[in-house]
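In what follows, a single structure is set out as structure tokens and then discussed.
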Amino acid sequence: MASIASVTLDVADPSAADRFYTTAFGLDTQIRLRASEAPTTGFRGFTLALTVSQPATVNNLIDAALDAGATPLKPAAKSFWGYGGVVRAPDGTIWKVATSAKKDTGPGTRRIDEIVLLLGVVDVVASKRFYVERGLAVSKSFSRMYVEFAAGPSPVKLALYRRRALAKDVGVAPEGTGSHRLMIGGDAGPFTDPDGFAWEAASLTPTP
């Protein structure tokens with residue numbers, strides 16, 4: 001089964017971005033950074049989501065992100081699916097922090113249960129077929145709306161969402177041009193998918 005080995009964000013200042021992600025979310029090895037001034041405007045077509053156990057943990061992570069320099073896009077709030085909020089990191093990447101729980105069961109922590117890379121695609125069915133043909137296994141599928149792939153041993157799970165729906169979910173306009181400023185590494189690469197997201201060959205097993 002193919003899976004994601006790494007997610008690399010193109011950022012203007014890798015040192016500053018590393019400080020932000022370490023301070024805000026406690027991320028280090030899960031997200032890679034590389035220097036790039038690739039031109040891009042508007043919505044980049046993807047978001048990263050942090051799934052946690054309860055609302056207090058959502059608040060802790062969002063507050064830490066805002067204190068570290070993130071811009072609020074959607075304040076943390078209850079919804080029919082749970083509780084969550086959205087911020088834009090200083091490098092421009094959009095992050096959603098959410099839980100399916102609506103009530104706290106204990107003190108808030110900063111523990112992240114799951115990282116999900118959501119790609120905004122034009123045709124969910126076509127993109128699902130594309131990825132299945134490259135060895136990814138579907139774990140959830142909701143018609144033409146949403147597809148989630150099994151993560152396996154990967155620290156990051158891949159999901160597909162309609163681009164306009166994804167933009168609406170995180171509170172931004174769906175229009176955008178230029179580079180996604182994202183490189184996905186995995187044992188299914190290298191290739192570029194139908195929506196222009198690029199994959200490179202990478203292994204979950206570190207090279208000695």
Side-chain angles (χ1 to χ4, degrees), residues 7 9-12 16-17 20-21 23-27 30-31 33 38-104 108 110 112-124 127 140 142-148 156-182 184 193 195-197:
V7 172
L9 302 176
D10 288 350
V11 299
F20 171 80
Y21 288 119
T23 301
F25 302 138
L27 299 175
Q30 300 96 326
I31 301 296
L33 306 164
T40 186
T41 62
F43 183 44
R44 295 180 186 173
F46 77 92
T47 66
L48 282 154
L50 304 177
T51 303
V52 301
S53 63
Q54 60 179 356
T57 299
V58 171
N59 292 337
N60 284 350
L61 290 169
I62 287 183
D63 288 347
L66 295 175
D67 289 344
T71 303
L73 292 178
K74 277 191 170 182
K78 288 183 180 179
S79 71
F80 68 91
W81 49 260
Y83 184 88
V86 184
V87 299
R88 180 184 279 118
D91 66 84
T93 304
I94 295 173
W95 291 80
K96 182 176 185 176
V97 187
T99 177
S100 59
K102 295 185 179 181
K103 294 183 179 180
D104 293 322
R110 286 169 51 84
I112 296 168
D113 296 330
E114 190 174 64
I115 304 172
V116 183
L117 171 62
L118 292 110
L119 303 183
V121 303
V122 173
D123 187 331
V124 171
S127 292
K140 294 180 183 178
F142 299 97
S143 185
R144 298 179 177 273
M145 292 290 296
Y146 177 83
V147 174
E148 190 174 283
V156 181
K157 179 181 290 185
L158 178 68
L160 309 176
Y161 204 8
R162 288 189 301 179
R163 180 185 173 102
R164 297 187 70 85
L166 180 59
K168 181 179 180 180
D169 182 58
V170 296
V172 299
E175 294 77 21
T177 61
S179 172
H180 292 300
R181 301 192 75 160
L182 172 75
I184 309 166
D193 80 1
D195 294 274
F197 291 100

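- Gly85 and Val58 get closest at one heavy-atom pair: N-CG1, 4.3 Å.
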Check residues 88-98 and write down every donor-acceptor pair under 3.5 Å in which the side-chain atom is one partner and the other belongs to a residue at least two apart or another chain.
residue	atom	partner	partner atom	Å
Asp91	OD1	Thr93	N	3.2
Asp91	OD1	Thr93	OG1	2.5
Asp91	OD2	Tyr21	OH	2.5
Trp95	NE1	Tyr21	OH	3.1
Lys96	NZ	Asp169	OD1	3.3
Lys96	NZ	Asp169	OD2	2.8

Thr47 vs Val86, side-chain contact (heavy atoms from CB on, under 4.5 Å): CA-CA, chis, key distance, verdict: CA-CA 10 Å; Thr47 66; Val86 184; over 6 Å; no
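- By the salt bridge (charged side-chain N to carboxylate O under 4.0 Å, His left out) test, Asp67 is found to be paired with no residue, residues two or more places apart in sequence or in another chain being considered.
- One finds the OG atom of Ser179 at 5.5 Å from the CG atom of Asp10 (value rounded to the nearest 0.5 Å).
- Counting heavy atoms from C-beta outward, Leu119 and Ile184 have side chains that approach closer than 4.5 Å.
- With rounding to the nearest 0.5 angstrom, the OG1 atom of Thr40 is 8.5 Å from the NE2 atom of His180.
- With a 4.5 Å cut-off on side-chain heavy atoms, Gln30 and Val7 do not count as touching.
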Compile the donor-acceptor pairs under 3.5 Å between side chains in residues 158-167 and protein atoms, sequence neighbours left out, one pair per line.
residue	atom	partner	partner atom	Å
Arg163	NE	Pro174	O	2.9
Arg163	NH2	Phe43	O	3.1
Arg163	NH2	Pro174	O	2.9

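- For the atom pair Leu9 CG and Leu182 CG, the distance stands at 6.5 Å (nearest 0.5 Å).
- Of all heavy-atom pairs between Ala64 and Ala24, the closest is CB-O, 3.5 Å.
- The two atoms that bring Gly120 and Phe197 nearest to each other are O-CE1, 3.8 Å, heavy atoms only.
- Heavy-atom minimum distance, Asp195 versus Ser127: OD2-OG, 3.2 Å.
- For the atom pair CG (Asn59) and OH (Tyr83), the distance works out to 3.5 Å, reported to the nearest 0.5 Å.
- A search for side chain to side chain contact (heavy atoms under 4.5 Å, CB included) contacts involving Ser53 returns Thr57, Asp113, not counting sequence neighbours.
- Sorted by first and then second residue, the salt bridge (charged side-chain N to carboxylate O under 4.0 Å, His left out) pairs with a member in residues 41-55 form an empty list; sequence neighbours excluded.
- Residue-environment remark: CZ (Arg110) exceeds the threshold of 12 foreign heavy atoms within 6.0 Å.
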Trace of the side-chain contact (heavy atoms from CB on, under 4.5 Å) decision for Val87 with Leu73: CA-CA 5 Å; Val87 299; Leu73 292 178; 6.0 Å; no
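- Inter-residue side-chain proximity for Pro72 and Leu66 is flagged as met; some heavy-atom pair is nearer than 4.5 Å.
- The distance from atom CG of Leu61 to atom OG1 of Thr99, rounded to the nearest 0.5 Å, is 11.0 Å.
- Among residues at least two apart or in separate chains, side-chain hydrogen bond (donor to acceptor under 3.5 Å, both in side chains) pairs with a member in residues 71-82 are Ser79-Trp81.
- Residue Ala56 comes nearest to Asp104 through the heavy atom pair N-OD1, 2.8 Å, listed as atom of the first residue, atom of the second, then distance.
- Considering all non-hydrogen atoms of both residues, Tyr146 and Leu118 come closest at CE1-CD2, 4.0 Å.
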